[in-house]
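Heads up: numbering here begins at 1 and tracks the sequence.
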Amino acid sequence: MACLEGKFKEGREECTLDGTVDWHGRPAIKDKSGQWVAGIIILLYNFPVSEKMIKINDERVTETGVGLWLHAGLQAANKCKQQDIARSAAENPVIVLGKRDLCRSFIQMNQGLATLAFFGVGVNLVLFLTRVLQQSNADAANNVSKWTGTVYIFSLVGAFLSDSYWGRYKTCAIFQVIFVMGLVILSFSSYLFLIRPKGCGDELTPCGSHSSMEVSLFYLSIYLVALGNGGYQPIIATFGADQFDEEDPREGHSKVAFFSYFYLALNLGSLFSNTILGYFEDNGVWALGFWASAGSAFAALVLFLGGTARYRHFKPSGNPLSRFCQVIIAAIKKWKLEMPRDGEEELYNVHAKDCSMNGNRKILHTDGFKFLDRAAFISSRDIDDQKRGCRNPWRLCPITQVEEVKCILRLLPIWLCTIIYSVVFTQMASLFVEQGAAMKTTVSNFKIPPASMSSFDILSVAFFIFLYRRVLDPLVSRVKKTGSKGLTELQRMGVGLVIAIVAMISAGLVECYRLRYARKDCTHCEGSSSLSIFWQVPQYALIGASEVFMYVGQLEFFNAQTPDGLKSFGSALCMTSISLGNYVSSLLVTMVMKISTEDHMPGWIPGNLNKGHLDRFYFLLATLTTIDLVVYMACARWYKSIQLEGKCELNDQEENFRV
């Protein structure tokens with residue numbers, strides 16, 4: 001095999017070492033794949049840039065604005081086939097936008113545009129239901145909750161299809177088409193049927209009644225949006241990471257950086273929809289907002305398909321559920337057998353050429369979950385079966401298949417510890433907004449929408465991503481002096497929990513002072529406190545900082561620690577963590593209100609916050625997060641990282657996946 005020799009003999013072109021293939025199913029060539037010049041466009045839309053020197057294929061250009069970025073990208077496009085990157089990003093003090101970084105940027109722009117399209121619908125969906133479809137506040141909130149939950153459920157569907165049958169590219173393309181279809185139907189139905197009379201749907205002009213068919217068409221469209229976005233989201237991050245060969249030191253460094261910039265693209269995409277599109281929709285220009293979302297989604301789809309020839313791919317590995325069940329059943333069938341001590345040599349292992357199911361790398365044996373090793377233990381009956389030229393997969397499983405199950409079992413405690421953090425994160429969209437509405441929201445004659453304060457969270461994310469990548473990461477590397485790159489994923493997730501605790505304490509203290517300056521006798525507590533809403537900036541900024549450490553670290557961690565055939569499932573775990581955080585938050589609020597309203601008390605979170613104690617709820621979340629941090633530290637110390645055997649046998653050294 002060309003890959004096993006380390007060189008793809010077509011001139012002196014070297015293939016990737018991680019087993020990725022190109023569009024035609026051949027081993028991916030490093031200099032001809034994992035790259036796309038059009039990816040420079042991501043920097044036009046999603047990154048606020050300052051004047052600095054950028055190096056593209058050894059050419060220096062001074063970047064002062066959007067036009068020069070485009071000019072630099074086009075110059076790189078003309079020369080990328082003749083020139084190679086002279087230095088890697090780690091070796092050069094200026095930003096290197098090499099061909100692989102362009103491919104990364106290409107996928108990030110796709111993510112930024114898709115995020116803009118999705119939040120262009122979701123940010124004001126509850127207002128659309130109340131103003132246009134004339135639903136009550138309770139019904140609208142309930143419908144939005146169901147819709148949001150459906151998005152996260154579909155993320156598991158997309159991950160399953162991607163890892164099992166379709167592959168990441170095909171799954172992304174199909175779900176993006178569904179996403180665009182949903183947005184187009186939503187735009188048409190709103191313009192032709194729902195926004196009647198023309199100009200209705202703002203705060204003052206209610207819309208008329210609608211037929212059941214028109215309402216059904218609306219729900220069909222938004223659930224197509226949920227299906228398309230949910231199925232697409234966990235896969236695009238993994239597919240972007242696939243463009244980097246983690247067994248190549250230079251590309252491995254870029255792969256780690258990818259997740260930070262991917263999360264930045266996601267946040268900056270939502271910033272535009274939360275501000276500009278949200279403003280138009282809030283003023284009743286719904287059709288324009290929906291058409292802008294549809295156009296953004298279509299542009300994302302075109303960009304994604306445009307890079308088809310350059311993408312690297314991992315082949316799908318088949319249904320993981322059947323593989324998991326085979327391991328469990330095979331282990332149960334052999335539970336009475338005596339397992340020899342240190343009997344790894346008697347465990348079933350496949351030949352190197354066949355080691356990976358559908359081209360995935362082989363996972364080395366680990367000591368944990370000894371009972372599952374029975375599934376790979378070769379019994380006398382298995383020997384007889386092999387002599388007859390057959391193997392029963394429900395009695396004998398290779399070590400790699402057993403280790404897949406072990407990997408997922410080890411990840412679950414870490415994943416469970418992230419749910420409490422997601423409870424803290426979800427407060428931005430609920431209690432933070434209600435708290436802001438009860439504060440002074442006017443500056444001169446301008447009224448600040450309480451929900452717009454989330455912009456400080458997005459700006460904080462952008463700031464701390466660059467601060468960590470450019471300052472903290474190199475600084476920690478020098479301090480540790482171990483050759484490693486800064487904090488590990490698990491350490492960063494722990495830092496995220498610590499910052500989340502500080503954020504909840506900050507929110508609680510702000511609420512204490514808000515109550516001190518509030519009028520207790522107000523009927524509607526909006527603007528009833530003289531404390532400015534800008535006192536909320538620290539808590540939003542701290543949440544943003546914690547996201548950089550927790551969610552970016554979580555994306556990197558699950559991508560690095562899941563087997564090759566389950567990468568999309570790892571990304572889906574991040575989304576389900578947010579989903580469960582919403583449910584746990586709702587359950588927690590219900591329990592707190594039931595307990596705190598006994599003896600005819602108003603409770604901690606009443607309709608009039610001036611008569612409640614929202615500060616106590618924030619301090620409760622800080623306490624729960626502190627307990628979660630202690631549990632997380634114990635789980636992180638117990639965790640054993642996955643150990644993969646490289647595709648290319650250039651040396652006998654095992655890859656050390658330090659966590």
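- Put simply, the side chain of Leu301 reaches to within 4.5 Å of the side chain of Leu305, judged on heavy atoms.
- Side-chain contact check for Thr366 and Gln643: no donor-acceptor pair (N or O, by modelled atom type) lies under 3.5 Å.
- Smallest separation of non-hydrogen atoms from Ser164 and Asn319: OG-CA, 3.8 Å.
- Between the side chain of Arg374 and the main chain of Leu337, a donor-acceptor pair closer than 3.5 Å is present.
- For the atom pair Leu566 CG and Arg323 CZ, the distance stands at 5.5 Å (nearest 0.5 Å).
- The side-chain heavy atoms of Ile414 and Leu490, taken from C-beta on, include a pair separated by under 4.5 Å.
- Salt bridge Asp163/Arg168: present, at least one basic N to carboxylate O contact under 4.0 Å.
- Counting heavy atoms from C-beta outward, Phe175 and Phe154 have side chains that stay 4.5 Å or more apart.
- The main-chain N or O of Lys334 is never found under 3.5 Å from a side-chain atom of Arg395 such that the two would form a donor-acceptor pair.
- Between the side chain of Ser577 and the backbone N or O of Leu573, no donor-acceptor pair lies under 3.5 Å.
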query: side-chain contact (heavy atoms from CB on, under 4.5 Å) between Met550 and Thr418: does it pass, once the steps are laid out?
result: CA-CA 8 Å; Met550 171 57 79; Thr418 64; 4.2 Å; yes
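- Here the shortest heavy-atom pairing between Ile235 and Ser568 reads CG2-OG, 4.1 Å.
- Within the model, atoms CZ of Arg478 and CG of Asp473 stand 10.0 Å from one another, a figure rounded to the nearest 0.5 Å.
- The ring of Phe377 has its center no closer than 6.0 angstrom to the ring center of Tyr348.
- Atom CZ of Arg381 has 12 or fewer heavy atoms from other residues, nucleotides or ligands within 6.0 Å.
- Here the side chains of Gln554 and Tyr551 are in contact, with some heavy-atom distance below 4.5 Å.
- When ring centroids are compared, Tyr311 and Phe304 come within the 6.0 Å threshold.
- In terms of heavy atoms, Thr400 sits closest to Ile363 at OG1-N, 3.2 Å.
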task: Go through Leu472 and Leu487 one step at a time and tell me if the side-chain contact (heavy atoms from CB on, under 4.5 Å) criterion holds.
output: CA-CA 9 Å; Leu472 297 181; Leu487 299 175; over 6 Å; no
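- Residues Asp367 and Lys370 are in side-chain contact: their nearest non-hydrogen atoms beyond the backbone lie under 4.5 Å apart.
- Residue Ile236 holds its CD1 atom at 6.0 Å from CD of Gln176, rounded to the nearest 0.5 Å.
- Pairing each heavy atom of Pro398 with each of Arg391, the nearest pair is CD-NH1, 4.0 Å.
- Residues Tyr169 and Ser162 have side chains that never bring a donor and an acceptor to within less than 3.5 angstrom of each other.
- In terms of heavy-atom proximity, Thr562 sits nearest to Gly570 at CG2-CA, 3.9 Å.
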message: Using side-chain contact (heavy atoms from CB on, under 4.5 Å), reason through Leu372 and Val327 one step at a time and then give a plain yes or no.
response: CA-CA 7 Å; Leu372 295 177; Val327 172; 4.2 Å; yes
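- With hydrogens and angles disregarded, no donor-acceptor distance shorter than 3.5 Å links the side chain of Gln326 to the backbone of Trp394.
- Atom-to-atom distance recorded for Arg410:CZ and Cys635:SG is 13.5 Å, nearest 0.5 angstrom.
- Every residue two or more places apart in sequence or in another chain that forms a side-chain contact (heavy atoms from CB on, under 4.5 Å) with Ile627 is listed here: Thr623.
- Inspection of the Thr171 and Tyr165 side chains reveals no N or O donor paired with an N or O acceptor under 3.5 Å.
- Ring to ring, Phe549 and Tyr468 are close: their centroids are under 6.0 angstrom apart.
- Atom SG of Cys417 and atom CG of Asp628 lie 5.0 Å apart (nearest 0.5 Å).
- Under 3.5 Å, the side chains of His365 and Asn349 contain no donor-acceptor pair of N or O atoms.
- Counting only distance, with no hydrogens or angles, the side chain of Lys567 and the backbone of Thr238 share no donor-acceptor pair below 3.5 Å.
- Here the side chains of Trp415 and Leu412 are in contact, with some heavy-atom distance below 4.5 Å.
- Side-chain contact between Phe557 and Tyr639 is present, with heavy atoms from C-beta onward closer than 4.5 Å.
- With hydrogens and angles left out, the side-chain atoms of Asp382 and Ser379 include a donor and acceptor closer than 3.5 Å.
- Between Arg492 and Thr488 there is no side-chain heavy-atom pair separated by less than 4.5 Å.
- Judged by distance alone, with hydrogens and angles left aside, the side-chain atoms of Ser579 form no donor-acceptor pair with the main-chain N or O of Met575 at under 3.5 Å.
- A donor-acceptor contact shorter than 3.5 Å is absent between the side chain of Ser422 and the backbone of Gly581.
- No close placement of the Phe239 and Phe314 rings is indicated, their centers lying 6.0 Å or farther apart.
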- request: List the steps, then state whether side-chain contact (heavy atoms from CB on, under 4.5 Å) holds for Lys406 with Asp373.
  value: CA-CA 10 Å; Lys406 291 184 180 181; Asp373 287 342; 2.7 Å; yes
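- Between the side chains of Tyr421 and Ser546, at least one donor N or O sits under 3.5 Å from an acceptor N or O.
- The distance from the CD atom of Gln561 to the CD1 atom of Ile408 is 10.5 Å, given to the nearest 0.5 Å.
- Aromatic pair Phe569/Phe558: ring centres not closer than 6.0 Å.
- Here the closest heavy-atom approach between residue Thr625 and residue Ala500 is recorded as CG2-CB, 4.4 Å.
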